[in-house]
Amino acid sequence: TRRRGAIFGYAGRRSGGSDNLGTIAEGSVDWTINRRWSINLYLGRMSGHDVVRTTFAGDRLTFGYVENVIRF
């Protein structure tokens, strides 16, 4: 809570009057090895536009992960 000094939330940032955040391309692939094991892959790439360029030095973001799932 605010009285304790532990505030959770998101801070607003100026956009410079722009409303174009960016474009994202993403995809995922799931491989089922057998009924108990699967592997999942995700990759996303964002190209920031005016709002991002106003606030940050860079305008590209790439995020991905590989997930190994074992069911018992």
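From a predicted model like this one, the values you see are computed outputs, not experimental measurements. Note that these values count all heavy atoms, side chains included, but never hydrogens, waters or copies made by symmetry.
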Arg60 and Ser47: which non-hydrogen atoms are nearest, and at how many Å? NH1-OG, 2.7 Å

Above 12 or not: heavy atoms from other molecules or residues under 6.0 Å from CG of Asn34? yes

Main-chain N/O of Trp37 paired with Arg71 side-chain donor or acceptor, under 3.5 Å: no

ILVMFWY network linking Leu61 to Leu21, side-chain heavy atoms under 4.5 angstrom: yes

Residues in salt bridge (Lys or Arg N to Asp or Glu O under 4.0 Å) with Arg45, at least two apart? none

With hydrophobic residues grouped by side-chain heavy-atom distances under 4.5 Å, do Ile70 and Leu41 end up in a single group? yes

Would you list the pairs meeting side chain to side chain donor-acceptor pair (under 3.5 Å) in which at least one residue belongs to residues 23-32, sequence neighbours left out? Thr23-His49, Glu26-Tyr42

Does the side chain of Asn40 come within less than 4.5 Å of Val66's, by heavy atoms? no

Residues Glu67, Val69; criterion side chain to side chain contact (heavy atoms under 4.5 Å, CB included); working and verdict: CA-CA 6 Å; Glu67 180 179 43; Val69 180; 3.7 Å; yes

Write down the atom of Gly22, the atom of Met46, and the distance for their closest heavy-atom approach. CA-CE, 3.9 Å

